[in-house]
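Presented below is the structure to which this report refers.
Order of the sequence lines sets the chain letters (A, B, ...), proteins ahead of strands, with each chain counted from 1. Bear in mind that the values here come from a model prediction, so they are computed numbers and not experimental data.
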There are 2 protein chains.
Amino acid sequence: MNNFTLVFETDTKKPMYEQLYQYIADSIKSEIFEKGERMPSKKSLAAHLKISVNTVEIAYLILVQEGYLKAVPRSGYYVQKIEPHIGAPVRAETEETPKPRPRVDFRTNAVDVGSFPYSTWVKLSKEIMYSNPELLNAGEPRGDYELRESIARYLAEFRGVKCSARQIIVGAGIEYLLMLLTEIIGKDKIYAVENPGYSKTERIIKNAGNEIKYIGLDEKGIRVDELEASGAEIAYVTPSHQFPSGVTMPMDRRAELIAWAETGRRYIIEDDYNSEFNFSIKPIPAMQGMSGGGRVIYLSTFSRVLAPSIRAAYMVLPPELLNVYERNFQGYSSTVPRFEQHTLNAFISGGYLARHLNRVKNIYRKRRDRLIRALNGSARISGEKTGLHILAETPFADNIIKEAAKRDICLYSLDDYFFTERKKTDTLIIGYAGVSDENIDELKDFFIKE
Amino acid sequence: MNNFTLVFETDTKKPMYEQLYQYIADSIKSEIFEKGERMPSKKSLAAHLKISVNTVEIAYLILVQEGYLKAVPRSGYYVQKIEPHIGAPVRAETEETPKPRPRVDFRTNAVDVGSFPYSTWVKLSKEIMYSNPELLNAGEPRGDYELRESIARYLAEFRGVKCSARQIIVGAGIEYLLMLLTEIIGKDKIYAVENPGYSKTERIIKNAGNEIKYIGLDEKGIRVDELEASGAEIAYVTPSHQFPSGVTMPMDRRAELIAWAETGRRYIIEDDYNSEFNFSIKPIPAMQGMSGGGRVIYLSTFSRVLAPSIRAAYMVLPPELLNVYERNFQGYSSTVPRFEQHTLNAFISGGYLARHLNRVKNIYRKRRDRLIRALNGSARISGEKTGLHILAETPFADNIIKEAAKRDICLYSLDDYFFTERKKTDTLIIGYAGVSDENIDELKDFFIKE
């Protein structure tokens, strides 16, 4: 034990066990302690160094963990030969390598950052922050009442949703709410999703341990005959602007779908994510209101209207599920910062949201028209009446993607949105909210006038 | 059909089907249409009113739904006698009634709102908002890299946590992260929780469909012998400051616990929620670092240091679970607003967090000392060395709670934190972070000097 010449430093943040660990590890690496050598017992080493047995125990534990020592029950600790790869603690060795962003990206989930109402937002949030310090403490689990009231009024006026503030749960994004919802509905259920459809939500439902049925689409949206045959208990749909096909589900299909849910006491999850951007037709009100709301869970978000990085979505629970929520989920703290909740509330109730929406709808409509012009009449366009992306069908779709990539422009194929087997659709899905006019005009080079 | 004298309004937001629905509903209620009367077919009514069949279909559907009409297959729609309670759409009739807040509340989850670094926070967030509009678009799913880097450095320096930024997942609160974590670990597992313990996390684990084992405590924290016997695969623990008992788990118990996890390839969830507030002893580093990090998931939050309403927590995944995350959960958008992420990052990396922490630790230490004085030596105090609540054992505990309530002061009993059977502990659990000095002094009236 006389070769233990360790002097503990006291003017450091490093705890004693770590100093001891380091000392022994270094001694083993430099072969001062040799392979096979028996280490002093914890008790005797502690006495020798005038430290607690605990400290030695921890140091030994780490050394065993890292492969420097081997513990032999009822005998003691022995020095191991160190293989270089064991020495390091268990950790992710490499950093993730973020994919570089393409120069121009026609993805569907971007927004026009230039039109964000900075000055209003900053002004409102500053006012709220300074005027009510109590907002620093925890608020209501489903979101503060004032915000839910504003959302209920907004939904009644613009989307025909019939609900009280009590039924609304505010949360940090549709994905979080869907996680919560699958738990409220209960485990081991059969969910139907649209195919092609939104892979993120499919993944969330699946990761929560549910079975998924993939239901095809026709020109009216999800096929209710297939749905009926699938045995699904819950259908996740995007009726305002089916993702990715862009189909707006007409009234008769909605009625069929509601009948499906009503008959079997099944549920419809109505993801109304893109409904605010309705350009040319009178918006169809939400299925939630149409059905009376007993079997429809309405889901929407402010991320599309304001910005994806503002994490504020909401769902409207039917009474049956609200009961479950109030019984078992009331304790879950809200996931949306209260300052942001109240800023959003001021933004809605002050009429800023409606004004902002009008403004961006104009910007997006112009951009969409420009995009359609840029395609030079060389593609069959659909899904252009709602939402912030269009579909463009052309026999040259695959080639266009390749050619655009050479100029660091990212375009996407509808083929990639099928869950079961990839289909050849010859169709591009082009999101235009996050790109400039100049970027759009570049597309002219790939879409050749016929 | 001649009694259909409906004229559609065009200068309203109300869709035509709703106007038609309203007209028929009113006519039935005022008995213009009589019970048993057969309605015109959808097609003929549509032709008569010069509207689409869809519109009529929807109106009829709602009328059936609400009980005004009855659909008879292959025959038509018949007017029903309306019972008053059927008329309303299915919705939560009553609003929730929020419990009024007590005048003084010694709850454990409040913070001192007065010491929040308003001016720094507002300044930093404004700078970030204006300087980088790209932050409006979606960021990295696990939280932006810069913030995770800062957290990794902070954790290494202050908590001895060994990890790379890649292993860190930032999320809107510990509860959200725990939901996500239970999904990453996989379904139908057996979890151990401390008893008494934190009811919120127990509920989250249970709601995710897992089995719970309740493990008792001794003076060192969770009992590893009971844990071993329970068959649990994952143990959720709060070693820095056990909630609610306030016990700081000593090194030897930590070593035992780590050995339990290592042997059976089990997991420890180390919730380090209160570790920043360590008043008198050298803080014990996290088990994550001590163990090498292979079997420990480290969880912590900025809610205690900054404010509960700021929803920013994080977890450190061991490599095995990181693999699962990267395979199946990468698509989950971050739940923390990016502006807030970058404000927080600037706050940490600019050294503001360390300074803020020192300042509030001083405030809290003084408040804790004042609280201990206010108890007049008439209770046995424990758990005072870490965290923002203490335990006070006195045979008069129940009576003190009753007497305080008469003056609208809310105190809590440790009895309520047992999951299985309520125990009689004669112990109060007193959170002091969210109350004023004057509030604390009021307690003198209830704790009588011996």
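Neither the backbone nor the side chain of B:Gln341 comes within less than 4.5 Å of any heavy atom in chain A. For A:Pro318, no part sits under 4.5 Å from any heavy atom of chain B, backbone or side chain. Proximity to chain B is absent for every atom of A:Val53, based on heavy atoms less than 4.5 angstrom apart. Contact of A:Ser303 with chain B is not made at all, since no heavy-atom distance falls under 4.5 Å. Contact of A:Arg142 with chain B is made through the side chain alone, with heavy-atom distances under 4.5 Å. With a threshold of 4.5 angstrom between heavy atoms, A:Leu180 approaches chain B through its backbone and through its side chain. Neither the backbone nor the side chain of A:Glu320 comes within contact range of chain B; no heavy atom of the residue lies under 4.5 Å from a heavy atom of that chain. If you measure heavy-atom distances from A:Arg107 to chain B, the contacts under 4.5 Å come from the side chain alone.
Side-chain N or O atoms of B:Arg338 include none that pairs as donor or acceptor with a backbone N or O of A:Ile310 at under 3.5 Å. Judged purely by atom type and a 3.5 angstrom limit, B:Asn207 has no side-chain atom pairing as donor or acceptor with the backbone of A:Ile184. Although no hydrogens or angles enter the test, the distance criterion places a donor-acceptor pair under 3.5 Å between the side chain of A:Glu175 and the main chain of B:Ser333.
More than 12 heavy atoms of other residues, nucleotides or ligands shown are found within 6.0 angstrom of NZ on A:Lys200.
Residue with the most contacts toward chain A among B:Asn109, B:Ile204, B:Ile174: B:Ile204 (heavy-atom pairs, distance under 4.5 Å). The most heavy-atom pairs under 4.5 Å with chain A, out of B:Asp188, B:Asn328, B:Leu306, B:Thr182, come from B:Asn328. Chain B forms the most heavy-atom pairs under 4.5 Å with one residue out of A:Pro308, A:Ala172, A:Ala59, and that residue is A:Pro308. Chain A forms the most heavy-atom pairs under 4.5 Å with one residue out of B:Asn323, B:Leu317, B:Val111, and that residue is B:Val111. Of the listed residues B:Glu57, B:Glu134, B:Arg254, B:Met179, the one with more heavy-atom pairs under 4.5 angstrom with chain A than any other is B:Met179. Heavy-atom pairs under 4.5 Å with chain B were tallied for A:Leu135, A:Asn137, A:Thr335; the largest tally goes to A:Asn137. When A:Ser125, A:Gly173, A:Ala208 are compared by the number of non-hydrogen pairs under 4.5 Å with chain B, A:Ala208 comes out ahead. The candidate with the highest count of non-hydrogen atom pairs below 4.5 Å against chain A, out of B:Gly139, B:Pro250, B:Pro285, is B:Pro285. Ranked by heavy-atom pairs under 4.5 Å with chain B, the first of A:Tyr332, A:Phe329, A:Phe339 is A:Tyr332.
The nearest pair of heavy atoms linking B:Arg101 to A:Ala138 is NH2-O, 4.0 Å.
For the atom pair CZ (A:Phe116) and CE (B:Met129), the distance works out to 4.5 Å, reported to the nearest 0.5 Å.
At a threshold of 4.5 Å between non-hydrogen side-chain atoms, the residues B:Arg311 and A:Val336 do not count as touching.
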